[in-house]
Protein chains: 2
Amino acid sequence: MMSSLGSTLFKECMRQQLQNPLTNLPRPVRSAELSVNQWVYQTLRQALLSGQIRPGFALTIRGLADVLGVSSMPVREALQRLGCEGAIEVKDNRRVIVPQMTPARLNELFSLRIVLETHAAEGALAYIREEDVRELERLDAEIDRAYKQGDMELGALSNQAFHRYLYQCHPFQVSVPLIERVWLQLAPFVRIAMEKLQRNYRIDRHQEALKAIRHCNAYALRRAIESDIRDGMASIQAVDGLEQYFSEATQVAVKPRLVRG
Amino acid sequence: MMSSLGSTLFKECMRQQLQNPLTNLPRPVRSAELSVNQWVYQTLRQALLSGQIRPGFALTIRGLADVLGVSSMPVREALQRLGCEGAIEVKDNRRVIVPQMTPARLNELFSLRIVLETHAAEGALAYIREEDVRELERLDAEIDRAYKQGDMELGALSNQAFHRYLYQCHPFQVSVPLIERVWLQLAPFVRIAMEKLQRNYRIDRHQEALKAIRHCNAYALRRAIESDIRDGMASIQAVDGLEQYFSEATQVAVKPRLVRG
DNA sequence: GCCTTTTTTTTGTGATCACAATATCCTTTT
DNA sequence: AAAAGGATATTGTGATCACAAAAAAAAGGC
């Protein structure tokens with residue numbers, strides 16, 4: 001009796017904890033010119049990019065449609081897109097989860113970031129204008145402010161905005177979508193690692209990058225971007241007890257049911 | 001009356017010509033364990049990768065569903081996926097076309113290939129075993145055979161298979177999906193450029209790559225892959241009258257209006 | 001009590017429908 | 001005869017439904 005009740009309570013607690021990230025999702029206002037499909041996609045994408053959905057969390061079409069107040073159709077299409085971007089993993093038993101992380105995959109993803117982003121930065125350099133530098137400085141200040149205030153979501157998103165803005169200065173850019181794909185795969189894990197990082201300040205090499213941009217020094221810019229990414233990777237890997245957040249640790253958190261009336 | 005009939009005939013002819021690539025599509029047999037969605041996706045993807053659908057060609061959901069003999073639902077989801085892979089372009093006026101090419105984009109895409117594939121090859125090198133080398137040699141022979149027989153589709157697909165197999169030797173590979181995304185964007189244009197290439201033989205650096213692999217020489221392997229890609233790019237750019245296949249040339253096949261009320 | 005089997009529920013999939021927006025065709029007007 | 005306007009057809013979008021597979025829950029046996 002007692003153990004049964006305890007188990008029920010535990011499961012209920014788990015369910016609550018796991019449901020939270022979806023019910024608390026920030027919903028961007030759906031403007032008229034945005035289709036429901038796009039809105040659902042962007043909502044989920046932003047939630048993943050800011051690390052609000054934990055790895056191993058299971059998503060269901062009906063559950064999401066219910067929470068977001070739309071029919072299943074837009075959710076299906078949004079999940080298709082996220083799935084082919086690697087943001088979510090479609091398992092063979094037709095269940096969709098946020099992918100687990102392994103040390104090897106983490107390594108590979110960071111290596112890819114370095115390769116892609118140094119290339120994108122170098123390609124953009126020739127097109128960066130004075131006003132772009134000012135915008136980058138503004139974004140850099142925003143990052144610092146967010147992390148000083150302990151707002152991890154805003155910090156992560158602003159940091160991505162800084163990098164994205166830099167790379168998109170190249171007018172014929174084709175690598176940003178690939179870079180964002182890598183971010184999408186990293187974000188959920190990086191987020192839970194950052195939470196365990198006690199320090200609420202953050203070091204980045206954005207000033208170094210800006211200096212390289214002002215001097216039009218491609219090599220220095222590449223180095224700054226690479227160092228920026230390596231620093232981030234190092235601070236993630238320095239987290240105490242990181243190993244418990246890899247693959248096996250989260251498998252208890254995999255929970256199929258979302259809710260039903 | 002006469003002009004009306006003439007116009008109708010002309011349009012019918014145009015329509016036929018434009019529909020052809022779809023009706024002649026090779027349809028892989030749909031095995032039981034493959035969902036209709038996946039089957040449609042792979043069918044379209046393969047058609048794009050082997051360059052059977054020309055840039056500027058407009059795709060419609062109902063049209064594809066009709067040709068493939070399925071309902072519109074699987075087609076919609078497949079188009080969503082292809083769209084987010086950059087294989088097709090979803091225009092603001094809700095029409096879907098195979099993207100046009102511009103010289104700048106072509107350049108960027110080839111640069112990305114070099115960056116991504118040299119990285120992937122180097123990462124894979126340590127994991128390549130004797131049997132993998134044999135498989136690569138087999139694929140290389142298949143490429144030669146296909147091009148000798150003038151089978152461009154098989155040649156393109158086998159060439160991709162060679163590269164893919166090499167990169168996938170790395171067990172924790174995450175870059176192959178990105179590489180394939182770039183291929184998807186290049187393939188339709190490369191195909192029409194290759195058709196204009198009078199020579200029906202092809203030079204590649206695969207033997208050079210295999211030699212580097214046997215010597216476990218990472219630098220040489222990178223150089224071989226880079227040369228292989230650069231050679232391909234050069235032979236594309238050497239095509240006479242290539243400029244007519246960029247953007248504007250195909251605009252008759254594209255719907256004129258871009259803006260929306 | 002614990003494990004296996006059966007029943008119930010949930011979920012993904014594919015089809016169909018209604019609707020609004022857009023494009024195409026046809027008529028009318030100048 | 002050419003341009004403008006309206007009528008018709010086509011298209012994308014989102015909702016709903018039926019069905020089969022799979023998971024969760026319940027019942028039964030050891």
**Report entry** Separation between CE of B:Met233 and OG of B:Ser111, rounded to the nearest 0.5 Å
**Finding:** 6.0 Å

Query raised in the report: Which distance, rounded to the nearest 0.5 Å, do you find between the CZ of B:Arg45 and the CH2 of B:Trp183?
Result: 9.5 Å

Report task. Test for a donor-acceptor pair under 3.5 Å between the base of C:dG14 and the side chain of B:Arg76, counting only N and O atoms. Result -> no

Let me know the distance between [atom1] of [X] and [atom2] of [N], rounded to the nearest Å.
{"X": "B:Ile97", "N": "C:dA23", "atom1": "CD1", "atom2": "P", "answer": "14 Å"}
{"X": "A:Glu77", "N": "C:dG14", "atom1": "CD", "atom2": "P", "answer": "13 Å"}
{"X": "B:Tyr41", "N": "C:dT13", "atom1": "OH", "atom2": "C1'", "answer": "18 Å"}
{"X": "B:Ile61", "N": "D:dG12", "atom1": "CD1", "atom2": "P", "answer": "4 Å"}
{"X": "A:Met73", "N": "C:dA15", "atom1": "CE", "atom2": "C1'", "answer": "10 Å"}
{"X": "A:Asn37", "N": "D:dG12", "atom1": "CG", "atom2": "P", "answer": "13 Å"}
{"X": "B:Asp66", "N": "D:dG12", "atom1": "CG", "atom2": "P", "answer": "13 Å"}
{"X": "A:Gln80", "N": "C:dG12", "atom1": "CD", "atom2": "C1'", "answer": "11 Å"}

Query raised in the report: Of all residues at least two apart in sequence or in a different chain, which pass the ring-ring contact (aromatic ring centres under 6.0 Å, His included) check with B:Phe110?
Result: none

**Report entry** Nearest-nucleotide 5' precedence on DNA chain D, A:Ser72 against B:Thr60
**Finding:** B:Thr60

Report summary line: B:Arg191 and B:Ser50 have their tightest heavy-atom pair at NH1-O, 2.9 Å

Report task. Would you kindly compare B:Gln38 and B:Arg62 by the position of their nearest DNA chain C nucleotide and give the one closer to the 5′ end? Result -> B:Gln38

